[in-house]
Amino acid sequence: MLTMTPTAEFGDKPAAELEVFAVIEGKKVYLPTEAKYVMQDCRGLWFYSTRKPRTAEGDWTPNKTSICCRTDRGYVRVLKTDTRVPWLDTCQRTIRMVTGSEGRRPADEE
């Protein structure tokens, strides 16, 4: 049996100092700290990657991880939305914010 673990979270922000997220369909999707890019494939599934993705054989490079979220019913599913723009135009950088005693500020680029 295939078991999927959540790689992303909707709703409340995680209690970490570094907050990494993307806005997909108007909702904040919190991602692991190593996520630098998010993109949608031609099927409408969303992925993240640590390096800027390139296209290979009609899809994004294989160096990507599915964005899996827990649904309202408790199931873990890959995030899928309707394709509104061509999939090659969906690649975007994640938003990285640092939360500290001075409030929130954008994280320094690495």
Side-chain angles (χ1 to χ4, degrees):
M1 172 184 245
L2 177 67
T3 303
M4 292 189 339
T5 56
T7 58
E9 211 175 289
F10 289 116
D12 299 331
K13 73 174 188 169
E17 185 177 309
L18 179 62
E19 181 181 319
V20 179
F21 64 92
V23 178
I24 299 173
E25 293 286 317
K27 294 182 181 180
K28 258 188 187 180
V29 179
Y30 293 97
L31 300 163
T33 56
E34 68 267 10
K36 296 218 171 94
Y37 293 90
V38 295
M39 75 285 310
Q40 185 181 35
D41 73 357
C42 57
R43 299 168 294 176
L45 303 175
W46 285 90
F47 298 89
Y48 73 85
S49 66
T50 57
R51 297 186 335 208
K52 185 165 182 159
R54 292 172 178 51
T55 55
E57 299 178 18
D59 195 1
W60 297 107
T61 55
N63 299 334
K64 61 185 185 264
T65 305
S66 300
I67 297 177
C68 298
C69 302
R70 192 172 304 281
T71 65
D72 297 337
R73 294 183 176 178
Y75 299 109
V76 177
R77 297 284 185 252
V78 176
L79 181 61
K80 181 177 183 178
T81 62
D82 292 333
T83 52
R84 302 201 189 292
V85 296
W87 65 274
L88 283 169
D89 297 336
T90 61
C91 182
Q92 58 182 305
R93 293 233 2 143
T94 57
I95 301 166
R96 305 169 80 73
M97 301 292 287
V98 175
T99 305
S101 59
E102 302 162 1
R104 291 178 60 200
R105 64 176 175 78
D108 297 329
E109 291 296 319
E110 296 173 4

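Throughout, residue positions are numbered sequentially from 1 according to the sequence presented. The figures here come from the full heavy-atom set of this structure, side chains too, leaving out hydrogens, waters and symmetry mates.
- For the residue pair Tyr37 and Arg93, a side-chain donor N or O sits within less than 3.5 Å of a side-chain acceptor on the partner.
- Between the side chain of Gln40 and the main chain of Val85, no donor-acceptor pair closer than 3.5 Å is present.
- Atom OG1 in Thr83 sits 11.5 Å away from atom CG in Asp89 (nearest 0.5 Å).
- In this structure, OH on Tyr48 lies 9.0 Å from OG on Ser66, to the nearest 0.5 angstrom.
- Here the side chain of Arg96 pairs a donor or acceptor atom with the backbone of Thr33 at under 3.5 angstrom.
- In this structure a side-chain-to-backbone donor-acceptor pair under 3.5 Å is missing from Arg84 to Asp82.
- Annotation for Pro32 and Val20: closest pair O-CG1, 3.8 Å, computed over non-hydrogen atoms.
- Interatomic distance, Arg77 CZ to Cys68 SG, rounded to the nearest 0.5 Å: 10.0 Å.
- Across all non-hydrogen atoms, the minimal contact from Cys91 to Met39 is CA-CB, 4.0 Å.
- For the pair Asp59 and Trp87, the tightest heavy-atom approach, listed with the atom from each and the gap, is CA-CH2, 3.5 Å.
- The shortest non-hydrogen separation linking Lys64 to Ser49 is CA-CB, 4.3 Å.
- By the 4.5 Å heavy-atom criterion applied to side chains, Phe21 and Thr94 are not counted as neighbours.
- When the shell of 6.0 Å around CD of Glu25 is examined, it contains more than 12 heavy atoms from other residues, nucleotides or ligands.
- To the nearest 0.5 Å, atom OH of residue Tyr30 and atom CD1 of residue Ile67 are 14.0 Å apart.
- Here the closest heavy-atom approach between residue Asp41 and residue Phe47 is recorded as OD2-CE1, 3.5 Å.
- Closest of all the heavy-atom pairs between Glu19 and Lys28 is OE2-NZ, 3.7 Å.
- Here the straight-line distance linking atom CZ of Arg70 with atom OH of Tyr75 works out to 12.0 Å at 0.5 Å rounding.
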